[in-house]
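Scope of the values below: all heavy atoms of this structure, side chains included, with no hydrogens, waters or symmetry mates. Proteins get letters first, then strands, A, B, ... in listed order; numbering begins at 1 in each.
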Amino acid sequence: MVRYTGAEVQRMEDPRLLTGHGRYVDDIHLPGMLHGAFLRSSHAHARIRSIDTSAALALPGVHAVFTQADLAVPDVAQSMNQLYPAPVIHQDITQHPMATDEVCYVGQTVALVAADSRAIAEDALVLIDVDYEPLPAVVDCRTALADDAPMAHIGSENNMAGQLKSAFGDIDGAFAKADHVFTGSFMQHRGGCHSMETRGVLARDEPYGEGLTIWSSTQCPYLVRRALATHLGEPEDRVRIIAPDVGGGFGPKAGFYPEEIVIPVAARQLGRPLKWIEDRREHFTATTGQRDQQWDLEVACDKDGKMLGLRGVVIHENGAYMPYGALLPFTSVTPLPGSYAIPALDVRLDIAFTNTTPTTPVRGAGRPYGIYAVERMVETIARELQIDPAEVRRRNFVRADQMPYETGAKLRDGMPVRYDSGDYHACQEKALELADYAGFKARQDAARTQGRYLGIGVSACIEDTGVGPYEGTTVKIEPSGKIMVRTGAASQGQGHHTMIAQIVSDQLGVQPEDIMFEAADTGKFPQGVGTIGSRVTANVGPSSFDAAGQVRETVLKLAAETLEAAEQDLELEDGEVRVAGAPDLKVTLGELALKLAPMSGGKIPAGFSPSLEATSYLGSSGSPVASGSNVAEVEVDIGTGEVRVLRYSVAHDCGNMINPMMVDGQIIGGVVHGIGNALFERMIYDEQGQPLTTNYGEYLLPLASEMPHIDIVHQETPSPLNPLGVKGAGEGGTIPAAPAIVAAIENALADFGVVIDYYPVDPQYLTELIDAAGAQAAE
Amino acid sequence: MKPGRFTYHDPTTIDELIGLLGSLDDAKLLAGGQSLMPMLNMRFSQPDHVVDLNGIDELAGITTNGSALKIGAMTRQAALLKSNEIADQIPVMQAALQCVGHFQTRYRGTIGGSLCHLDPSAELPLIALLCDAELQVAGPDGDRSIAMGEWPLAYMMPSISESEILKSININPWPQRHGFAFEEIARRRGDFAIVGVGCQLAIDNGVISKAVIAIGGANQVPYRLTEAEEALVGQPATDDVFAAAGEVARKQDAMSDAYITAAYRQRLANVLTKRTLATAAQRATGE
C-alpha cells in the first residue's frame, strides 16, 4: 500500500492558487458593498485638538465619516484589550480603534471614510481637517530610556514598557573562574513581513440578527473573534470570522488590529457591507513588524573556548503600543543560550516605548535576535582564541546523550525550557560536509590571488516550535465515501491541506484527492488558536492523525459487524473494507457512513453514534525543538563593499517530515527571509519619527537575482512529544541566516580585522569598516 | 492607492499633441509610465490632465542616415536592446540598458521618458551625455536642437517647457575602433544605481587617443569627467593612468541623502572609473 506520510506529495493547493483561482478578501464582492479608507496620523507624536469631517462628508459618493467618537461600541473611551497580559509589562498601553486625543506613531488610525469607491474615499481623506499639536517624539530605542528622553505617551513618567529577565545558574561564579571574558555590543534590525497580500477586512452585519460576518486576511481567526466579541460585549457565536485564502502572513497577521473593530462596527452602523483593503504604502506603517534591538553581552569561557556563563542587557524597540504583550521580547531571550550547554545565564531585556509602529513577531519572532546574539559571542571566542568557529561550537553544543535537555531557562508560562531531542554535533557535520568546509581554504586562497575576498561563516540554531495548547481537527466520512476534514488552523499558503490529507489518507486507506478540506472559519469549526510559531504540523498533525485513527477504529468495528468478520481479518484500502482472502466480502466507506446517518425510521446500530466522524484536539505534550546548522560562503568586493552570497548550505532537523518537498520550501523561503534581514531589509525612521522607507524602492526586499543556490540536507530526529515524531519547520531557515552571513563577511575581511556590529550589512557601512580598520592599522 | 481624478488625452500625431499642450493647464505626459504611474497611484502627483504619448507612432523607432543614429523618444528600452544598429554602433548603450530596471519594465520604459524624467542615477541620460547626443525638441514655434550637455538644468529638471515635447535623440557613433564599458552599483539588480560610470576609449599603439567618461548618480545631474578625459589623451593605457582618472572622479562634488553619504558616492565614482577604463582598454585593444 502506498504511504503518503513522508512522501513528496505535490501540493494540492497549487493548481488553484497558481492559476488565479484563489479567493482572497479583495476577491469577495457583496451586494451593496461600500469601500473604506483610513485617515492615518501624519505625526509621530501629537495631541489632537479637533477633527472636522464636514467637508469630507459633503463630497458626493461619501456615505459616512467615522471618528472614534462616532463608533457605536459599548464604551468609546475603551482602548483595545491586551491580547497577552503578562506581569512583566509595566505600562500596558494599547491604542484605541481610532485615535481619541493623542496620536503616537505615523500611520495610527484617526478616521474612516466609507464611500462608493476606494478612489472617492481617498478623495475625501484629504478633506478631513485634523488640528494637531505636534509633540516631541522618541524614536531611537537606545536613548528612549534616558532621563532626558521625550515621553512616547502623554502622562508617562518614563518609556519603560516592561522588563524581563532570563537567569539561571551561578553567573558570578562563572565569571570569577573564567580564563577569558569577552564582550560584544551590537545592534540588530529586522524588518516587516511584506506578505504579497496586504491586510484586508470585509464585514457584513447579517440582516436577520445572526450577528457579524467578517472576512479578514488573518492568521488567527479565533483570536480575532475573541478580541472583537470582547470589545463589543457580545457572544462569540454572534461574531463569525472567516480567513479565506491568505497571501502570506509571517507573523504580523497573527494579531488583532484596529481595522478589525472599526470596519465591522461601521458596517453595522451603515447597514451595508464595508470593505477595507490595506494599500502597499499603508502596509509599511499600519502593519506591525520588527525593528531594533541593542545587545550588550559578556561571555565567560575557559582557555579552550568552553562557555561558562553569558550575561548582559538588551534594549528592545517596542514601538508606540503593546498590542501583543511581551511575546516578542520573551522569544528574544528564552531561546538563550541556543544550541549550547552553558551553565549560567543572566540577561535582562528592557522594553522601550518609541513613537513608531508597534512591533510584533515576524517569522522567527525574537529567536533570530537571541540566536544571533549567542552566535556572535561564539564567533568572538573563535576570533580571540584563534580556534576554528566550527570547533568552538563542537566544544559547546548540547550533546545528543544529554537529551532531553533543560537549559535552565523558563518559558513565558514558567515551565522549564526543554530540548526534546536532537543531535547538534551530527547536524553541524552534515552542514560542513555539504558546504565543503574543509575545501574552503583552497578556494579562498585561489580567489585571493585574483584580488577577490571570499569568506565562510557557520551558525547553529534551535527553534522551539509547536506551542500549544491545541489545534483541533474533525474527520468525517461522507456518504459519498469522500472524507471531509475541518480544522480551525488558518493557512497562508503553507500547504496545510496537503499535509493533513497525507496523514488522513494513510489512516483511512484513501487517496489524498479524496480529502475535502475546510479551515479557518469560526462558523464551521468551534475552537482554534492560530497559525503562529511553526505550530500547525506539531498540533494539527497529531489531531488529524488521532481523529482519523478514531474514525478508522469505528470503520473497522462497524465493518466487522456488517461483514460478519473479525476485525483483525479486515483490510482498509482504496476506500473500502475487505475481508482478507475473500475479495468479494467488502463494504465501502460511503456505505458505512450511510449506516450511521439514517433518515426517518432508520436505526443506528447498537454501540455506535450518529455520523461517521471524530474530533481530536491532540497536540504535542510540550514544545518540540527543531535545530539546524548553516554555512554561508560569500564574496566581498573591498572596493565597493558589495556582498555576494555564493553558496548557502543548510542542515536541518525538524524531526520526521510529513512532506520533505514542503519542508524544503519552508527552509528556502526562510533562508531568503534571513538573507533579507542580514543584507537588505531596513525600515528607517528619521529623528522626528517620520518613516523614510515606505515603498519597495526604498525598503529593499531580497530579490531572486541576489539569492544563492541553497543546498539542504535533512536529519530526522523524531520528537518524542507527539505520535508522528514531528517538529515545526517554518522558521528554522530564517533564524540562523544572519549570523552565518555576518560571520562569513567577517571571515572574508579577516585581514582587515573587521568586526560587524550592525545588520543589515550594507555596502557603504562595510566600506566604512574597511577604511576604519585600514586607518587603525596605519596608525 | 488609487489615482486622483484626471482627464485622459490620447493624441495620435505630434501636431495634435503640440496643440493639446498649448491648450491644457497642469498636464503630465505619459510615456512608458514606469515613474508616472506609481506617482499617480500614490497621489504624489495629481495632475488635471494626462496626455498619453503611446498612440503617436511617429515618436518611436530607430533610423540611420549613414553616420548618425536617430532614436525616437518613445522607443522602448527593450527595442534599443534588440537593435542591431545600436549593438554595432553604440554598444555602451546596450551595456547600460542591461541595468535599466527589469526585463519586464524595459518593455514599457522609453528613452525619451528617461531623459525627461532625468533621475540623476538613470542610465540613459548618462549614456546620452557620454555619446554627445543632440536632442530634437518640438514646440509651438517649430523644432529646436539642444546638446545633451545643456539638457539638465538642475536636479530632475530638463531644459524643456511645458508646451514642448522631446522628439528624438540623435547620436553620431565614434567612427574609429574603440572600447567601451558601463558599470553601476545598485543594492539589488535593477534598482536605481547609487553611482554608474560609462566610458569609451580609443587607443592607438598603446596610447590613448580619445576618451570620454560620464558619471551618474554621484551628484544632482550626470556629468562628464572632462578633466580626466583630457588628461588621459596621450597617456598609455595602464592601471596607474586609470587610477589617476579614478582620483579625479573621487574629487568631484557629490550629493548625500538619508541613505548614502557623499564620501561613499565619491568612492564608487573612483572605483568604477578605474574599472570601466580598464575594461574599455581591453576591449579597445582586443585583449
Taking a cut-off of under 4.5 angstrom between non-hydrogen atoms, the residues of residues 761-771 of chain A near chain B are A/Val761, A/Asp762, A/Pro763, A/Gln764, A/Thr767, A/Glu768, A/Asp771
Only one of B/Thr279, B/Leu272, B/Leu130, B/Ile127 passes side chain to side chain contact (heavy atoms under 4.5 Å, CB included) with B/Phe182, and that residue is B/Ile127
Requested in this report: Could you tell me whether B/Met156 atom CE has more than 12 heavy atoms of other residues or ligands within 6.0 Å of it?
Outcome: yes
Under 4.5 Å to a heavy atom of chain A? For B/Arg267 that would be side chain
Under 4.5 Å to a heavy atom of chain B? For A/Ile120 that would be neither
Among B/Leu268, B/Val195, B/Ile185, the residue with the most heavy-atom pairs under 4.5 Å to chain A is B/Ile185
State plainly whether the residues A/Arg644 and A/Glu635 are in salt-bridge range, i.e. N to O under 4.0 Å.
-> yes
The interface call for A/Phe680 against chain B, heavy-atom contacts under 4.5 Å, is both
Note to self: Between the side chains of A/Asp279 and A/Arg118, is the shortest nitrogen-to-carboxylate-oxygen separation below 4.0 Å, so that they form an ion pair?
What the structure shows: yes
Of the listed A/Asn695, A/Asp637, A/Asp686, the one with the largest count of heavy-atom pairs under 4.5 Å with chain B is A/Asp637
Residue from B/Arg187, B/Gln46, B/Arg188 scoring the most non-hydrogen pairs under 4.5 Å with chain A is B/Arg188
**Request:** Determine, for B/Arg43 against A/Asp123, whether the closest basic-nitrogen to carboxylate-oxygen distance falls under 4.0 angstrom.
**Result:** yes
Item to complete: Using a strict cut-off of less than 4.0 Å between a Lys/Arg side-chain nitrogen and an Asp/Glu carboxylate oxygen, indicate whether B/Arg265 and B/Asp257 qualify as a salt bridge.
Response: yes
If one checks every heavy atom of B/Arg275 against chain A at 4.5 Å, the contacting part turns out to be side chain
Practice task
Using a strict cut-off of less than 4.0 Å between a Lys/Arg side-chain nitrogen and an Asp/Glu carboxylate oxygen, indicate whether A/Arg142 and A/Asp292 qualify as a salt bridge.
Solution key: no
Under a 4.0 Å threshold between the charged nitrogen and the carboxylate oxygen, would A/Glu282 count as salt-bridged to A/Arg40?
yes
Honestly, the part of A/Leu701 sitting under 4.5 Å from a heavy atom of chain B is both
Under 4.5 Å to a heavy atom of chain A? For B/Ile260 that would be both
Query raised in the report: Can you tell me if A/Arg199 and A/Thr287 form a side-chain donor-acceptor pair at under 3.5 Å?
Result: yes
Can a salt bridge be assigned to the pair A/Glu698 and A/Arg281 using a cut-off of 4.0 Å between side-chain N and carboxylate O? no
